[in-house]
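Computed over heavy atoms, backbone and side chain alike; hydrogens, waters and symmetry mates excluded. The chains referred to below are lettered A, B, ... by the order of the sequence lines, with proteins before strands, and numbering in each begins at 1.
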Amino acid sequence: MIHVIAFYLFAIMVVCSGALTILSRNPVHSVLWLILAFFNASGLMILIGAEFIAMLLVIVYVGAVAVLFLFVVMMLDIDFAELRAGFVDYLPFGLLLALVLLAEIVLGIGLWSAGPIELAQRAAPVNPELSNIQAIGGLLYTRYIFLFEAAGIVLLVAMTGAIVLTHRARGGVKGQNVAKQNRRRPQDATRNINQPVGQGVEL
Amino acid sequence: MTAFFQGLGLPFEGAWLLSTVIGILVICLPVMLAVAMIIYADRKIWAAMALRRGPNVVGPFGLLQSFADGLKVFLQETIVPSASNKALFLIAPIITFTVALMAWAVIPFQVGVVLANINVGLLYILAISSLGVYGVVLSGWASNSKYPFYSAIRASAQMISYEVSIGFILITVVLWAGSFNLTQIVESQKAYYGFLNGNGFNPLLFPMAIMFLISAMAETARAPFDLTEAESELVAGYQTEYSSMAFALFWLGEYANVILMCALNAILFWGGYLPPVDWAPLYYVPGILWLFAKILFFFFVFSWVKATVPRYRYDQLMRLGWKIFLPTSLLFVFLVSGFLMLTRYS
């Protein structure tokens, strides 16, 4: 009973906030609806018992990716009229994209219920005693270790590439040498003098 | 407790719902009370360090000062700036406050005394604390004003930076305990060298304990890392446009977060509800008292630092997070996992 209520609550929230993500006019509101959608999707994950994936969804998408989105969108100077201007031009392309996605979902569900994926599940049932993290770790670090490491290398290359592309050496910047600052002592910067009256200070 | 209500004739779901709601209230109300009293303690500690008296008028020794302040802000008018984004402006403090209370669900107060004893407890805390930044960012943006916006940008950069090193520090503890469950993490800290309870007594984890304490200060934007509300530069930071209960919610949420971070320090590194020394008579003291004593000790350290250490410059804050804490914590992940591979899993 509670499961059913929770499922419909999360599902309705995901669908509504997903729709509002593309419908709302203000980009900041869009990102916030997207965050709500992520959050409720993680609730759905918890309902099917995938608590590790749910937590990762919140940590990675809500906690890091969406914050950066918000960060960028907040600083944009948005012209609403211009945003809505190209709607008709982009409509066919958008419809095409939507069709491709729909076909992929249909294919995926079809394969799941009739195809080899379900059979593979039957061949190796999940041990109910094992916690999520142990089960995923056991697969990732044994059977899929090379794929996992390849994914890591791809991410590393992408990160290095982003840094190389955006980094530019600027001349004339006064950097701070922390070691030099820490070595500095009061006697290097100040001195005590017994100042005679009527004479200037020698700097 | 679910079993107790089922015994009274309720169906399982009703009993579960009722016992969970009661559990939430039993945790949240004392946390609120603790926040009120800890604000008083904080002010008293600063006052003592500055050779002042601190709050001493309302109630005996000024004990009721926080309640008087609460009543005052409750009776004030909520001013919403006309240029602000009203819905987000009002939601932001609610997010801060709610998120600060949510993380308490997985904190173990005793063996088995925990609202949700989930397998991914530590990840849950990471997830919830990563939500905390939204309250600050939204309030800064929705206020539609210069200083709150600067503050929001500073806060999001600061929290993301320190979450990275906190993540690695937590990984070392998780590796040592072999579990993400907070109760199991506490239990794994029993009897170092046969008589000490706490990961902090482990030479490989002690540096992590210190770094976690410092990162916790940065994560909750406490002094010396309170760049988000640096008065001399940003008026009051993201709280500038807020008044009345909205302001009070930020205040309460901030202190609830600080207490939570103190509790995490105690649980992850100093044995949580275990007594510091593994000696049988000490186990007669209820574990919850040990936990509270540790939380209060770390809170004292927090306000001690606030009263004595000057504020960091922003570039120094970023340098500390990315160039010092991140490589060091990464190194310790390697050291701890290497040590465990050589000893425990070989």
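Around atom OH of A/Y61, no more than 12 heavy atoms belonging to other residues, nucleotides or ligands sit under 6.0 Å away. In B/Y312, the OH atom is not crowded: 12 or fewer heavy atoms of neighbouring residues, nucleotides or ligands sit closer than 6.0 Å. More than 12 heavy atoms of other residues, nucleotides or ligands shown are found within 6.0 angstrom of NZ on B/K86. Counting non-hydrogen atoms of neighbouring residues, nucleotides and ligands closer than 6.0 angstrom, the CZ atom of B/R344 exceeds 12 such neighbours. For OH of B/Y147, the number of neighbouring non-hydrogen atoms (other residues, nucleotides, ligands) closer than 6.0 Å is 12 at most. For A/W33, the CH2 atom is loosely surrounded, since the number of other residues' heavy atoms within 6.0 Å does not exceed 12. For B/F89, the CZ atom sits in a packed shell: over 12 heavy atoms of surrounding residues, nucleotides or ligands are nearer than 6.0 Å.
The contact between A/H29 and chain B is made entirely by side chain atoms (from C-beta outward), counting heavy-atom distances below 4.5 Å. For B/L123, the parts lying under 4.5 angstrom from a heavy atom of chain A are both the backbone and the side chain. If you measure heavy-atom distances from A/A66 to chain B, the contacts under 4.5 Å come from both the backbone and the side chain. Interface residue A/I35: only side-chain heavy atoms are found under 4.5 Å from chain B.
Looking at A/V178 and B/R319, their side chains come closer than 4.5 Å, going by heavy atoms from C-beta outward. The side-chain heavy atoms of B/I160 and A/L68, taken from C-beta on, include a pair separated by under 4.5 Å. Within the 4.5 Å cutoff, side-chain heavy atoms of A/I133 are placed close to those of B/V120.
A distance of 11.0 Å separates CD of A/E51 from CZ of B/F180, quoted to the nearest 0.5 Å.
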In sequence, state the C-alpha distance, the side-chain angles, and the governing distance for A/V67 and B/M159, and then conclude on side chain to side chain contact (heavy atoms under 4.5 Å, CB included). CA-CA 10 Å; A/V67 174; B/M159 288 189 184; over 6 Å; no
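Minimum interatomic distance between B/M102 and A/F39 (heavy atoms only, all atoms of both residues): CE-CZ, 4.4 Å.
Chain A is approached within less than 4.5 Å, heavy atom to heavy atom, by B/L126, B/A127, B/S130, B/L131, B/V133, B/Y134, B/V137, B/L138, B/W141 from residues 125-142 of chain B, ordered by number.
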